[in-house]
Amino acid sequence: MNRRGATRSTRRAAICIVVPTTSPAGAPSSPAAVALRPRSCCQYSGPVFGREGYARASVDALAAATGVSTRTLYNHFPGGKALLFQAVLTWTSGEARDAQLARLRAVLDPERPPRPEDLERDLVSLARGLIRLMADYAYHFPLVRHIHAEADHVPPEVLTACHEAGPAPVGRALTEALARLEEAGLLDLHGDAALAAGHFMALISHTIVQFTHYGVLPLPATEQDRLITGGVSAFLRAYRAG
């Protein structure tokens, strides 16, 4: 390899492990884009994991998708496929987490609790926004679907890293938001805000996730909204103050 080729190859490998700070608009047209802008290997290998799952995705396919050799991939991810999958999940979970937290802050302003008559409206708005993220972050939720299907094949440390990158901080933030609503006299969480947060998420999302397989088969808008509003109503029947 000549000096110019070696320099180009080294630059691509270096760029490959940069985690982007903005959400991608979609999959790139070709791996050659890695050499043109600071994108992560995660963006290029993520669709392979999303399509094949963890167990079936081969290192050769992952390397081809990122535009590097398998040797280069192992140089940057000594743990091989497991470490790369962890990097992909940590990145996509972080992207989805930031969007969920932003939605939570926008709807349930810590400084301005809703009026009692607006509580159900605001919780429905929050639920709709959270469910909409399955479509907005379509590169993340196929990975989540595979995690649930292949949990016995995914290394435990990868599952832990994924949970800590996304669901855990979102769960804590929702717990705190509901606790503030209780302090404002709007909810009665019966001494367990974390359990109430878990119930809220289950009631607004579980049936939709099961029916759509994390957005693969979208529901009609009216049916999805019926499930969301019904979930919020059930939550308030259990937890509304008074």
Side-chain angles (χ1 to χ4, degrees), residues 21-23 86 89-137 140-141 143-145 147-148 151 156-212 214-215 219 224-242:
T21 57
T22 59
S23 177
Q86 180 173 330
L89 276 174
T90 300
W91 170 53
T92 63
S93 295
E95 295 279 303
R97 172 203 64 216
D98 291 346
Q100 289 171 316
L101 293 178
R103 184 62 184 167
L104 181 60
R105 288 191 296 267
V107 176
L108 297 180
D109 186 337
E111 304 301 323
R112 299 173 59 188
R115 297 177 301 176
E117 61 268 28
D118 294 335
L119 177 60
E120 184 165 5
R121 179 203 66 185
D122 288 358
L123 291 179
V124 167
S125 177
L126 173 62
R128 286 172 177 155
L130 294 177
I131 294 299
R132 193 177 304 122
L133 294 177
M134 281 198 295
D136 293 344
Y137 289 82
H140 168 67
F141 288 99
L143 301 175
V144 177
R145 185 175 68 253
I147 285 177
H148 288 294
E157 61 271 18
V158 175
L159 298 176
T160 299
C162 174
H163 180 73
E164 292 302 320
V170 172
R172 289 192 293 268
L174 180 59
T175 297
E176 293 168 3
L178 295 183
R180 288 192 296 268
L181 294 178
E182 183 177 49
E183 291 171 3
L186 298 172
L187 296 177
D188 178 2
L189 304 180
H190 310 297
D192 197 335
L195 181 62
H199 286 165
F200 179 79
M201 291 302 297
L203 287 166
I204 68 166
S205 66
H206 179 75
T207 302
I208 294 173
V209 165
Q210 293 299 309
F211 284 176
T212 68
Y214 287 95
L219 291 171
Q224 178 166 295
D225 208 54
R226 184 183 73 84
L227 293 172
I228 289 172
T229 56
V232 171
S233 294
F235 175 81
L236 288 176
R237 284 196 294 273
Y239 289 106
R240 191 191 290 270

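The residues of the chain are indexed from 1 along the displayed sequence.
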Trainee: What's the spacing between Leu159 CG and Leu89 CG if we round to 0.5 Å?
Mentor: 8.5 Å
Trainee: Which side-chain hydrogen bond (donor to acceptor under 3.5 Å, both in side chains) pairs, counting each pair once, include a residue from residues 227-242, with sequence neighbours left out?
Mentor: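 Every pair satisfying side-chain hydrogen bond (donor to acceptor under 3.5 Å, both in side chains) with a residue in residues 227-242: Glu120-Ser233, His199-Tyr239.
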Trainee: Compare every heavy atom of Ala197 with every heavy atom of Gly171, then report the nearest pair and how far apart it is.
Mentor: O-CB, 4.4 Å
Trainee: Tell me, yes or no, whether the heavy-atom count around His206 atom NE2, taken from other residues, nucleotides or ligands under 6.0 Å, exceeds 12.
Mentor: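 Counting neighbours around NE2 of His206, 12 or fewer heavy atoms of other residues, nucleotides or ligands fall under 6.0 Å, so no.
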Trainee: Minimum heavy-atom separation for Ala127 and Phe200, please, with both atom names.
Mentor: CB-CZ, 4.4 Å
Trainee: Passes side-chain contact (heavy atoms from CB on, under 4.5 Å), Ser205 versus Leu130? Steps please.
Mentor: CA-CA 9 Å; Ser205 66; Leu130 294 177; over 6 Å; no
Trainee: Please examine the side chains of Gln100 and Leu174, heavy atoms only from C-beta on, and report whether any two atoms are closer than 4.5 Å.
Mentor: no
Trainee: Do you know the tightest heavy-atom contact between Thr90 and Ala161?
Mentor: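 Heavy atoms only, the tightest pair is OG1-CB, 4.2 Å.
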Trainee: Can you tell if the side chain of Val144 reaches within under 4.5 Å of the side chain of Tyr137, non-hydrogen atoms only?
Mentor: no
Trainee: Do Arg97 side-chain atoms and Ala165 backbone N/O form a donor-acceptor pair below 3.5 Å?
Mentor: yes
Trainee: Taking the side chain from Arg103 and the backbone from Ser125, do they hold a donor-acceptor pair closer than 3.5 Å?
Mentor: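 Present.
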Trainee: Closest approach of Ala173 and Leu101, non-hydrogen atoms and distance?
Mentor: CB-CD2, 3.4 Å
Trainee: Would you compute the distance between atom OG1 of Thr207 and atom CD1 of Ile228 and round it to the nearest 0.5 angstrom?
Mentor: 11.0 Å
Trainee: Are Ile208 and Met134 close enough that some pair of their side-chain heavy atoms sits under 4.5 Å apart?
Mentor: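 Yes, their side chains come closer than 4.5 Å.
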Trainee: Please report the shortest heavy-atom distance between Thr212 and Gly215, naming the atom on each side.
Mentor: OG1-N, 3.0 Å
Trainee: Verify, without hydrogens or angle tests, whether Glu182 (side chain) and Leu189 (backbone) share a donor-acceptor contact under 3.5 angstrom.
Mentor: yes
Trainee: Would you give the length of the straight line joining atom CZ of Arg180 to atom CG of Leu186, rounded to the nearest 0.5 angstrom?
Mentor: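 Separation between the atoms: 12.5 Å.
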Trainee: Looking at CG of Leu178 and CD of Glu176, how far apart are the two atoms once the value is rounded to the nearest 0.5 Å?
Mentor: 10.5 Å
Trainee: Under a 4.5 Å cut-off applied to non-hydrogen side-chain atoms, are Leu119 and Leu187 in contact?
Mentor: yes
Trainee: Are Val232 and Leu203 close enough that some pair of their side-chain heavy atoms sits under 4.5 Å apart?
Mentor: no
Trainee: Mind checking whether Ile131 and Leu227 have side chains closer than 4.5 Å, heavy atoms only?
Mentor: no
Trainee: Given 3.5 Å as the limit, does a donor-acceptor pair link the side chain of His140 with the main chain of Leu133, or not?
Mentor: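 Answer holds: no.
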Trainee: Once rounded to the nearest 0.5 Å, what's the spacing between atom CD of Gln224 and atom CD1 of Ile204?
Mentor: 10.5 Å
Trainee: What are the two closest non-hydrogen atoms of Ala241 and Gly185, and how far apart are they?
Mentor: CB-O, 3.4 Å
Trainee: If you measure from CZ on Arg145 to CG on Leu143, what distance do you get to the nearest 0.5 Å?
Mentor: 8.5 Å
Trainee: Kindly indicate whether the side chain of Val107, heavy atoms from C-beta on, has any atom under 4.5 Å from the side chain of Pro114.
Mentor: no
